[in-house]
Structure formats: structure tokens, C-alpha cells
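Quick notes on the structure that follows.
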Amino acid sequence: MSTYRITRDIPLDESYDILVAGGGPAGTAAAVSAARLGAKVLLAEATGCLGGMGTSGLVSTFGPVADGKRMLVGGFMRELVESMHQRGSLGPHVTAEFLHTQLNRWVPFKPEALKRHLDEMVQDAGVDVRFFTRVIDAEAKDGRIEGAVISNVEGYRFIRAKAFVDATGDAQLSALAGADCHLILRDNDAVAPSTLCSMFTGVNWDDPAYGEDWRGIDKVKAFSKKQLQKAVDDGFFSQPDRFMPGMNKIGKHAAQLNAGHVFNLDGLDSRSLSDGMIHGRKLAVEYMEFFRKYIPGCEEIDLLTTAPLMGVRDTRRIVGEFELTIEDFEKARQFPDQVAVYNRPMDNHPKDTSEKEYQRFVKDFEGFHGLGEGDCLGIPYGILVPKGWENLWVAGRCHSSDSKVHGSIRAQSAAYMMGQASATAAVQSIRTGQPACDLDTWDLVETLRTQGAYLPQTTLTREMTRA
Ligand SMILES: Cc1cc2nc3c(=O)[nH]c(=O)nc-3n(C[C@H](O)[C@H](O)[C@H](O)COP(=O)(O)OP(=O)(O)OC[C@H]3O[C@@H](n4cnc5c(N)ncnc54)[C@H](O)[C@@H]3O)c2cc1C
């Protein structure tokens, strides 16, 4: 429970059908999907744009969207990525083949373009968006949230709603309401590292080292790995991190860099976050110098900006009606109540700079654990429902899974799909009176299919899969 007390002094704002907390991938998809189904939606976002990590965090690559044979993402996410492709908002090398059929290809995009796409989508759907607005408290009783307190330039406001979607990444609304949550280190001996991502210009992508099309990426990656090892051996870095950062082509001379681990950062501690931002900015300069010195085509590379938001991979997750585990991932398990399917490898980054941790990461990541061509893992409804709650759902990073699976399905592509599913469930709940924790999942799956979700399960059930 929070330390604030909600008092009558806090003015009552309008009432809504659904309050969505957080406008990242999960929250934006949730807000748009609910509004398209006719709900009156308030989307409260702490920053000044939508997209979350993809924009404010400069994590400008969607995790894989296909399984090597077909596109796995459907509904909102498919609409978004295809519209971005048509309008030239993805990396210039992204072809239809790359997008629709490739296994384990991250899809780079221009973050400013994503902001505009999402602005248009929320406006077209009629979502009431409040930027610079943070959800700071909640009033809840017996598994129901009555309302939440938002804070912005107008002061505090109390928002009543029939249903709530927590898409804060940190399960912040759930924790404020008193839902049971797991903190990092529950099933892990070290915190997943954070990374402050950055934007660069001056890359000569026409350098022969990069090859002619996206197929050259693998060659460059292999070469860059060798150069990174050389730089580490040369004592070039203040932090000898063996993890090869992703440098993604997002424009003619532009690149996004996902590099510079900030180890042991606690994303729920403002001091730790602040120290991490300073450390991350220092590392970004070192990586610029590394690329200039060691990588062909990057002699003129220049750092334009680091992200305004720290790239925090993991903080707090709900205790859900169901928890997805590594055993499910390894079996590529399918569920009758799955609301999305996905297949990104477990991207559980090294937790320190040791060779041992680096080898553990490579084994997890490159081993794929059974998710090869044509395989996918089902994302069951119950991982979006805080255990026992009636009008609260989560979506995105704060869903219920163990730390290993989390490294796969925390991806933006999956977060957009979870957002659509949780909002569709919330609208069904408002219309039928079914509580979140006892929703008819047969109807939910069928509604999601009509919205374009790819849900290949052949058996449906009215009850969700439970632990
Ligand atoms: C360094 C890094 C690299 C990554 N690489 C990739 C990648 O290459 N591809 C990929 O697909 N995924 C990647 N991911 C994972 C992915 O970006 C996130 O897991 C994903 O963005 C989660 O989506 P989300 O909507 O749950 O949360 P977020 O993207 O974190 O969005 C949460 C939003 O909620 C807002 N918010 C938070 N608290 C409140 C509050 N109390 N009130 C109102 N608003 C609030 C935040 O401002 C933010 O906009 C990476 C993540 C990191 C950190």
C-alpha cells in the first residue's frame, strides 16, 4: 500500500470506463484497443510521448515479429509495424521478406516516427491522453480498484473508472492498489543490467564491411564481436564488458546503439536510477570512441543524444493467476486461453563483466531452447491478471513470468499484444460483469481473433489456465 492517503480534498476528475496507467507499448495498445471497442479511456503517461522504452528509452528496435515462416504478431502490433513499413518509418534495409518471414530479426525503427504513429492512433481512436501525468495512488478494496490519484501540472486529481490496466512496466498501479507482486532477485541471484541507449550519426552504412542488404548484418556482428574482444584486451574500456552491443541502422547515416550495461541498478530506487543515468552517459561516449577506433565505416561517428529514460529491463512483476516458466518456454507450450504467441530467444543479459556470465548469456540466447523456425510460445491470459483481482489487469513488462521467460516476452512486440489482450478483456468484463480473475476466455480469444490476433490453438476453454 502507498503512504499517501486519498482525501476528499483531492478533486474528482471525470469518470472513465478504463484508466490505463503508462503509455508505453502495452499501455498504448491497451488504450487504443479499448477505445476502438467503444470504451471511454483515459491514458495517463508520465513523459511527453507514447512508446515508452521504444521512444523515451531509445530502444528503437522491435523484438522479432516472425517465426522464420510467418508473422507471429497480429492485431494492433501487426497494424503498427506494417503501417510503419509502408510509411518509411523502419530501418531503410527492412524489406517485406525481412518483416514477414525472418527468424530472430529485430526490426529497427525511427523513434520520432513511432511517436507520430502512436499519436495518430490514439487520436483516431478517441483516447483521452494526458502526458506529464503520473498515477501515484489507488483506492482499492476486496480485489477492486475504485479510483486512482494522478499527479500533473494541475495538482492531484482522483479518477474513477470501472476497470484499470497497469502498463507502467513497474507494476506500479498494482503495487499501489495492494496487489501481490514479486520483486527482482526472487528467482535470480543478480539484477538484470540496465542500459542507457543512444543515437548516433555519421555511420557510413555504404562501407563494404556492411554488405549490400540486411543479410550483411550477421557478418558485421561477427566482426564487431572480434573487435570488441580486442578492445577489451587492449584495456580500452573503463568497464570491460564482453557483450557486443547492437548497433542498428535506422537511417541513411543514423544508428541506434543499445550498449553500455549499468550493472546492479535498482529501477525502483531514484538514487540508483540517477547514478545510473550519469554512468550510462559516460559509457555512451566510450562506445562512440570504440566505434571510431575499431569499426570500419564508423570513423566519423558522432553521439547525438542518450535517452531521457534509463533502459531498465526488470523491476517488479505481479503475482498472477498464472506464471509462465522456463519449462513452458522449452516445450513451446500452447494454451487454450493464449492471447498471443511469441518466439524471441531469452535475452537475459550478462549480470557482470565476467567471462562466465558472458558464456551463460550466449548459451541462453543462442541455444534458443526449442524456439526454432516455426515454433512459438503461447502467452496465456492468466499472466495478465493479478491473482484474485476483479477489475485490474497488467500488460507488458510487469506480467507474471519467471525471470528466464521474462527475458523473452518482455519485448515490445509482445507488450503491444498483451496490451490489446488486457484491454479487450477489460471491455468484456465491463459489458458482462465477469471479473478479471474469472473471465470467459473462449469469448476473449474469439474477440481477439476478430481483431486480427494470430491465435493458432485448436481447443478453446471458458476457464483460464491456472497454476
Ligand atoms: C536496454 C533495453 C533494451 C531492450 N531491447 C529491446 C529490443 O531490442 N526489442 C524489444 O522489442 N524490446 C526490447 N527491450 C524490452 C522492451 O523495450 C520493454 O520490455 C517494453 O518496452 C515493455 O513495454 P511496457 O509498455 O511494459 O513498458 P515501458 O516501455 O517501460 O513503458 C512504460 C510507460 O509507462 C510510463 N509510466 C511508468 N510509471 C508510470 C506511472 N506511475 N504513471 C504514468 N505513467 C507511467 C513510462 O513513462 C513509460 O512510458 C529492451 C529493454 C531495455 C531496457
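Atoms within a ligand are numbered from 1 in the order they appear, just like the ligands themselves. Bear in mind the structure is a predicted one, so any value in this text is a computation, not a measurement. The figures that follow rest on heavy atoms only: side chains count, while hydrogens, waters and symmetry mates do not.
Nearest heavy-atom pair across Leu42 and Arg130 is CD1-CG, 3.6 Å. Of all the heavy atoms in Ser238 and Glu286, the pair that sits closest is OG-OE2, 2.5 Å. Annotation for Ser400 and Phe322: closest pair OG-O, 2.8 Å, computed over non-hydrogen atoms. Smallest separation of non-hydrogen atoms from Lys249 and Pro92: CE-CG, 3.8 Å. Considering all non-hydrogen atoms of both residues, Phe76 and Gln420 come closest at N-OE1, 2.8 Å. In terms of heavy atoms, Phe290 sits closest to Ser224 at CZ-O, 4.5 Å.
In terms of protein heavy atoms, atom 27 (O) of ligand 1 is closest to Gly169 CA, 4.1 Å. Atom 39 (C) of ligand 1 has its closest protein heavy atom at Thr168 CG2, 3.7 Å. Of the protein's heavy atoms, Ala46 N, 3.2 Å lies nearest to atom 44 (N) of ligand 1. Nearest protein heavy-atom neighbour of atom 12 (N) of ligand 1: Gln412 N, 3.4 Å. Nearest protein heavy-atom contact of atom 26 (O) of ligand 1 is Arg397 N, 2.8 Å. Protein heavy atom closest to atom 53 (C) of ligand 1, with residue, atom name and distance, is Gly311 C, 3.1 Å. Nearest protein heavy-atom contact of atom 19 (O) of ligand 1 is Arg410 O, 2.5 Å. Atom 3 (C) of ligand 1 has Asn258 ND2, 3.4 Å as its closest protein atom, hydrogens excluded (heavy atom only).
For the ligand labelled ligand 1, residue Thr47 lies inside the 4.0 Å heavy-atom shell. At least one heavy atom of Ala44 lies less than 4.0 angstrom from ligand 1. The shell of residues lying under 4.0 angstrom from ligand 1, judged by heavy atoms, includes Thr133.
The option from Gly419, Gly24, Gly267 that lies nearest to atom 33 (C) of ligand 1, judged by heavy atoms, is Gly24. Considering each of Ala167, Pro25, Gly22, the one bringing a non-hydrogen atom nearest atom 32 (C) of ligand 1 is Ala167. Of the listed residues (Ile136, Asp166, Val135), the one carrying the non-hydrogen atom nearest atom 40 (C) of ligand 1 is Val135. For atom 5 (N) of ligand 1, the candidate residues are Thr61, Leu50, Val59; the nearest heavy-atom contact is made by Val59.
Short contacts between ligand 1 and Phe62, defined as distances under 4.0 Å to a heavy atom of the residue, involve ligand atoms 9 (N), 11 (O). For ligand 1, the atoms closer than 4.0 angstrom to any heavy atom of Gly52 are 29 (O), 31 (O), 48 (C), 49 (O). The atoms of ligand 1 that sit less than 4.0 Å from any heavy atom of Val312 are 53 (C). The atoms of ligand 1 that sit less than 4.0 Å from any heavy atom of Gly396 are 26 (O). The ligand atoms of ligand 1 that sit less than 4.0 angstrom from a heavy atom of Gly63 are 9 (N), 10 (C), 11 (O). Heavy-atom proximity to Trp106, at under 4.0 Å, picks out these atoms of ligand 1: 7 (C), 8 (O), 9 (N). Shown in contact with Glu45 at under 4.0 Å from a heavy atom are these atoms of ligand 1, numbered in order with element: 33 (C), 34 (O), 35 (C), 44 (N), 46 (C), 47 (O), 48 (C), 49 (O). Proximity to Arg134 (heavy-atom distance under 4.0 Å) selects the following atoms of ligand 1: 38 (N), 39 (C), 40 (C), 41 (N), 42 (N), 43 (C).
Remark: Trp106 CH2 to Phe98 CZ distance equals 10.5 Å, nearest 0.5 Å.
Heavy-atom neighbours of Lys404 NZ from other residues, nucleotides or ligands within 6.0 Å: at or below the threshold of 12.
A side-chain N or O of Arg313 and one of Thr195 form a donor-acceptor pair less than 3.5 Å apart. His182 and Glu323 form no side-chain donor-acceptor contact under 3.5 Å, judged by distance and modelled atom types alone.
Between the side chain of Asn391 and the backbone N or O of Ala163 there is no donor-acceptor pair closer than 3.5 Å. Distance alone, capped at 3.5 Å, is enough to place a donor-acceptor pair between the Thr55 side chain and the Leu50 backbone. Not a single donor-acceptor pair under 3.5 Å links the side chain of Asp170 to the backbone N or O of Gly267.
Looking at Ala415 next to ligand 1, no N or O pair under 3.5 Å apart turns up. For ligand 1, the polar-atom distance check finds an N/O of Ala26 within less than 3.5 Å of one of the ligand's N/O atoms. Not one N or O of Arg313 is nearer than 3.5 Å to an N or O of ligand 1, by distance alone. Remark: ligand 1 and Met53 share an N or O pair separated by less than 3.5 Å (distance only, no angle test). For ligand 1, the polar-atom distance check finds no N/O of Thr195 at less than 3.5 Å from any of the ligand's N/O atoms.
Contact annotation: for Asp170 versus ligand 1, there are no heavy atoms closer than 4.0 Å.
Looking at Val73 and Tyr416, their side chains never come closer than 4.5 Å, going by heavy atoms from C-beta outward.
When Leu309, Leu265, Val262, Leu196 are each tested for a side chain to side chain contact (heavy atoms under 4.5 Å, CB included) with Met277, only one passes: Leu196. A side chain to side chain contact (heavy atoms under 4.5 Å, CB included) with Pro386 is found for exactly one of Leu173, Val319, Asp180, Val394, namely Val394.
Ion pairing of Arg36 with Glu79 is present here, as a side-chain N (NZ or NE/NH1/NH2) and a carboxylate O approach within less than 4.0 Å.
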